Amino acid sequence: MAIRSEAPRAVLEYRGKNFDASAVETFLYDWWESSGFFTPGPKRPGETPFVMMLPLPNVTGDLHLGHALGFGGYEDLMARWHRMRGEPTLWLPGSDHAGIIAQIVVEKELAKEGAGRTNMTTSPTLGLSRDEFLAEMWRWMEHYKPRIYKQLRMLGCSLDWTRVHFTMDPDMQRRVRIHFIRLYRNGHLYRADRIVHWCLTCQTTYSDLESLHVVRTDQLSYVRYPWAQAMPSGTPDVIVATTRPETIVADTAVAVHPDDPRWKGFIGKEVLVPVSERKVKIIGDEAVDREFGTGALKVTPGHDATDFDIGQRHGLQVLSAIDTRGFMTPAAGPLAGLDRDAARAAMIERLKEKGLLMRQEPITHNVGIHDRCETVDEPLVMKQWWMKMKPLAKPAIAAVRDGTVRIIPKYQEKIYFEWMENIRDWPVSRQIWWGHSIPVWYCQDCNEIVVPDEDAPDPTTCPKCRSHDLRQDPDVLDTWFSSALWPHSTLGWPEQTEDLARFYPGSVLETGYDILFFWVARMLMMGIQNMGDVPFGVVYLHGLVRTEGLKMSKSKGNVVSPVEMMEEHGADALRYALVNGIAAGADSEFSEGKLENGRRFVNKLWNVGRFVLAQLEARPAALAGPIDVVPSGADLTEADRWILSRTEAAVEELTRLIEQYQFGEYATALQQFIWTELADFYVELAKPQRRAAGSEDAAVRTLAYVLDRVLRLAHPSIPFVTETLALQLWQHGSKSDRAPSLVLSAWPKPGTRDAELEDRFGLAIEVVRRIRERRQEAGIDPRMTVRVALGGDAAALRPFADIIASLTGADVRFGPGDSAPTLVRAVEVRVEVPRDATADRARLEKELAAARGLLERSRGLIADPSFSARAPAAVVEKTKAALAEREAAVASLQTELDRLG
RNA sequence: GGGGCCUUAGCUCAGCGGUCAGAGCGGCUGCUUUACACGCAGCGGGUCGGAGGUUCGAGUCCUCCAGGCCCCACCA
């Protein structure tokens, strides 16, 4: 089926050879299909599904590192892990029509395609009719959609492609329409003349969230407004300071602070607006900053948000002097017809002529811009559809407050509350063509607003005056209006489908903290509104991925394509490197070095796997029971039992870390175990040349079991390599579960550990390190055997004599046969080589000093009566044990030193 | 103006009240050991930004200070 034919060639590099993992993915889909999980059905008794919605990427976009981190790093990790835990797992993919962004992208493509098609450069028409343009949009959607979906597959995302959705699919359009109609009937949507952000380039309004601020330096002009009535001599001039003199023609008041002693006596008097000569009142309003300029503010309700609010409070007239193209309207009088920049210059000239421009000075201030095109905001008063947010926000605030929804990291909850508690109404209409239509018609004869019933066809007759001259609202809805419905609209809402019953509410929503307000908060509100329940119980927020200290952006030219990274290093390496060592919510610095570590680690795992497989081939009869059952038998060596115990420790640790959403720690711990303990220590001890006769098979059994565990443990982060190795491993023996694929096999449950063995073996490792250190210090040829004497409490290490000898190239002898009843970390190591006694003494003295320092600390702690009295018993016990060890260590170092003479 | 975060090894970061504070990268030294030179072994490197406080015990909790970053907001 289509899914398979589109499967990407996920590639990882191994010794210059391209390793094709697409076969693995094909395999997964085969299994999923035959398992029937894709088939919708009712909730099964007792099941608790794990449900996640993909944070839908923009359909016209390419994958960036933020996506790779979220989708491939965290979400797929969670999906695979929960699936392995036996939870029916739905991770639902899709893409967003991306309203204005997509429209801009396609307009550019169209302009490239055929310049003859249009003479106009301004959007959105391009010389096409609306229907023609939308047809072009759809044509391009078919071009873009497979692209982003293919990139998701490359990452290894185990998404349920049978449930993929696109926000502009016809059924999704219907759901958005119903949502709008219900909100309208409930009084959550209203239409009003308000001041909005207007983008002169994109020719549309946008919301506060889409507005950014940049610091800019402009001219601040001080302009005198002459008194309109005779004033006593000595009356001060009214001078206002403005950065936008061209809007003076739309002034309808001058405002001062009501408590400002300089001005309060003049409230109610009138001044003349320069150039337009209109009389306006001086009003008192607390929004005025007394410190700024002269303390007098020109009020232009038509072109400034603050002024609009002041105007609302004082019933001021709204004059619109600038039109949607940035040209001055007839209301601008002598400035009419000029664009806003020319009008500014012209206004300054006129003010100078009239002697009303007192002075100008530079001012550095914040200027609002549109986040998509960075055009300076032009606040305009327009009729728009608004969503009343406060009532919707209330239950969504409560849901986080009472723990129904948990946000990770926790501090993001404060940010959420801060925004939600001060939420403002949301302008939802946009003056573009690509997007969800607004299901509202206006009667051209009687101005009636006609909103059809749910699922009713488009109205053709005005219910009030029976006119047939109805026109649909030409605007479309903000993109986020539809994505806010994603968790329930994709499951079939408003129909009570089986999927909706089975998969709502979802489990986790994973996304970047930068869209907490845009998307997460709105999904919470709309989910509660439409479903009566929150859309998810956990919000996991990740941070920004930067390179060289900067956020990646196209304009900075520092965007690195994850696709290229995957082609070069493999998807596994990228996925792993992105999450390794990063705490929840923290921004991260991504570097080539990090990616290389990922690749080396994946390569290490691959090579461990190859080694194990080679051993299995060499000894085909070694496996007695199933691969995934803990090996046992008298032929198991201490080393075998040690790695088996350590494997269980890793299972415990890694399970805990994922359960606690500590994915960065999970990745680090995984590497620590696989590389340091398994590869560097155990694999060496499992090599046939290091095994006593008769214990070779035990090594193979152990290796097979440990690899099986390790592949499962690594699989959520490193799916391709682990899956490939598992398929090969499992061909060598039977398995207790029947899953033919790692993606569907079980996450390991921790088994029995041997704490004492781990402890003793840990000591043996320390001894090995110390012997190696001394050998290298002494510059002994690595091939030469040295004689090593172990004294002190070394008896505990007798079972590991061969191991120590084998790993260090030493002929190990034990000192006088004392049998230490308890394990004490004080072993004397004497490497018998010709050596520099002075250097040895210096080293030993340094060690002794350090050991004494530690000993003193322990003694001090024990001697402190309040410590024993107040610290928990376990801590006191631990400290006592540490004290004993330190005493022995000091003694043993002292002996060694004495022996040097 | 309001809110939030960060400051730990040369760099990037973990560390969520309890042994000597860790990892990766980088640095230095020695090794062509048939899983892996994309490797192995070893070494060096930290007054945990500063000052107080709480506690038997603080990198971890509290307060203040100094730097850096982010978000929200109607200083024209």
Side-chain angles (χ1 to χ4, degrees), chain A residues 13-15 195 208-209 213 220 240-244 247 255 287-289 291-293 296-300 304-310 363 365-366 379 409-412 414-415 417-419 422 513-514 516-517 544 569 577 580-583 585-594 596-615 660 662 664-665 668-669 671-672 679-680 683-684 687 689 769 772-777 779 781-783 807-808 850-851 853-854 857-858 861 864-872 874-876 878-879 881-882 885-886:
Chain A
E13 190 177 79
Y14 169 64
R15 275 195 171 264
I195 195 148
D208 293 332
L209 279 178
H213 294 274
L220 182 65
V240 304
T242 180
T243 53
R244 300 205 60 189
T247 65
V288 178
D289 178 0
E291 307 301 314
F292 190 90
L297 168 71
K298 73 192 256 324
V299 182
T300 321
D304 184 278
T306 309
D307 295 4
F308 182 83
D309 290 345
I310 294 174
I363 180 175
H365 62 149
N366 277 338
K410 183 89 175 158
Y411 64 77
Q412 289 283 353
K414 288 186 230 164
I415 296 169
F417 290 136
E418 183 69 19
W419 189 75
N422 298 296
Y513 67 70
D514 53 330
L516 177 62
F517 307 144
L544 258 43
H569 300 281
N580 184 21
I582 303 299
D587 290 349
S588 59
E589 174 73 24
F590 195 71
S591 62
E592 193 66 24
K594 225 169 168 179
E596 272 188 24
N597 171 253
R599 189 194 57 194
R600 285 184 204 166
F601 174 49
V602 171
N603 189 56
K604 174 61 73 173
L605 177 58
W606 174 254
N607 278 305
V608 168
R610 282 185 41 211
F611 173 77
V612 176
L613 293 170
Q615 298 306 308
Q660 298 177 353
Q662 299 188 43
E665 292 274 297
T668 305
Q671 179 165 343
Q672 202 62 32
D680 288 347
V683 165
E684 288 307 316
K687 288 182 175 170
Q689 62 267 35
R769 294 217 165 103
R772 285 169 170 172
E773 180 189 341
R774 306 229 169 133
R775 282 188 64 125
Q776 290 209 12
E777 248 175 22
D781 187 310
R783 281 156 300 199
L807 291 175
T808 57
L854 292 176
R857 270 170 78 156
S858 290
L861 212 49
D864 183 351
S866 54
F867 172 73
S868 346
R870 302 199 194 194
V875 174
V876 175
K878 247 176 148 178
T879 309
E885 285 190 11
R886 287 168 179 185

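The figures that follow rest on heavy atoms only: side chains count, while hydrogens, waters and symmetry mates do not. None of the values given here were measured: they were computed from a predicted structure.
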Next on the checklist: Without decimals, in angstroms, what is the distance between A:Glu589 CD and B:C13 P?
Outcome noted: 6 Å

Checklist entry - Mind checking the C1' distance from B:G1 to B:U54? Whole angstroms is fine. => result 33 Å

Checklist entry - Reckon A:Ala679 touches a base, only the sugar-phosphate, or nothing at all at heavy-atom distances under 4.0 Å? => result base

Next on the checklist: Output the rounded distance in Å from CZ (A:Phe867) to P (B:U55).
Outcome noted: 17 Å

Item to check | Rounded distance (Å) that lies between atom P of B:G3 and atom CZ of A:Phe517 | outcome: 15 Å

Next on the checklist: Base, sugar-phosphate or nothing for A:Glu418? Non-hydrogen atoms, less than 4.0 Å.
Outcome noted: sugar-phosphate

Checklist entry - Taking atom P in both B:U60 and B:U55, what distance in whole Å separates the two? => result 16 Å

Checklist entry - Are A:Glu773 and A:Arg769 close enough for a salt bridge, meaning some N to O gap below 4.0 Å? => result no

Checklist entry - Contact class for A:His213 (heavy atom, under 4.0 Å): base, sugar-phosphate, or nothing? => result nothing

Checklist entry - Any side-chain N or O of A:Arg769 under 4.0 Å from OP1/OP2 of B:G42? => result yes

Item to check | Consecutive-pair stems (3 or more, Watson-Crick or G-U, under 3.5 Å) for RNA chain B | outcome: B:1-7 with B:66-72, B:10-13 with B:22-25, B:27-31 with B:39-43, B:49-53 with B:61-65

Checklist entry - For the side chain of A:Pro872, counting heavy atoms from C-beta on, which of B:G18, B:A35, B:G4 is nearest? => result B:G18

Item to check | Sugar-phosphate only, base, or nothing, as touched by A:Ala614 at under 4.0 Å among non-hydrogen atoms | outcome: nothing

Next on the checklist: Is there a side-chain contact between A:Lys414 and the phosphate of B:C5, meaning an N or O under 4.0 Å from OP1 or OP2?
Outcome noted: yes

Next on the checklist: Measuring only between side-chain heavy atoms, which start at C-beta, is A:Phe590 closer than 4.5 Å to A:Ile582?
Outcome noted: no

Checklist entry - Can a donor-acceptor pair be found between the side chains of A:Thr247 and A:Asp304 at a distance below 3.5 Å? => result no

Checklist entry - For residues A:Thr808 and A:Arg772, is any side-chain donor paired with an opposing acceptor at under 3.5 Å? => result no

Checklist entry - What does A:Asp309 touch in the nucleic acid at a heavy-atom separation under 4.0 angstrom: a base, only the sugar-phosphate, or nothing? => result nothing

Next on the checklist: Rounding to an integer number of Å, can you tell me how far A:Ile195 CD1 sits from B:C74 C1'?
Outcome noted: 10 Å

Checklist entry - Roughly how far apart, to the nearest Å, are B:A9 and B:G15 at atom P? => result 15 Å

Checklist entry - OP1 or OP2 of B:C40 less than 4.0 angstrom from a side-chain nitrogen or oxygen of A:Lys604, does that happen here? => result yes

Item to check | Whole-Å distance separating the CG atom of A:Asn422 from the P atom of B:G4 | outcome: 13 Å

Checklist entry - For A:Gln615, which contact category applies under a 4.0 Å heavy-atom criterion: base, sugar-phosphate, or nothing? => result nothing

Checklist entry - What distance, rounded to whole Å, do you find between the two C1' atoms, one in B:G53 and one in B:G17? => result 16 Å

Item to check | Candidates B:G15, B:G26, B:G42 - which lies nearest the side chain of A:Arg600 | outcome: B:G26

Item to check | Nucleotide B:U33, atom P - distance to CZ of A:Arg772 in whole Å | outcome: 15 Å

Next on the checklist: Please confirm whether the shortest side-chain N or O distance from A:Lys687 to OP1 or OP2 of B:A35 is below 4.0 Å.
Outcome noted: yes

Checklist entry - Do you see a donor-acceptor pair shorter than 3.5 Å between the side chains of A:Ser588 and A:Lys594? => result no

Item to check | C1'-based separation of B:C72 from B:C62 [nearest Å] | outcome: 27 Å

Item to check | Distance-only donor-acceptor check, side chains A:Arg600 and A:Asn597, under 3.5 Å | outcome: no

Checklist entry - Who passes ring-ring contact (aromatic ring centres under 6.0 Å, His included) against A:Phe308, sequence neighbours left out? => result none

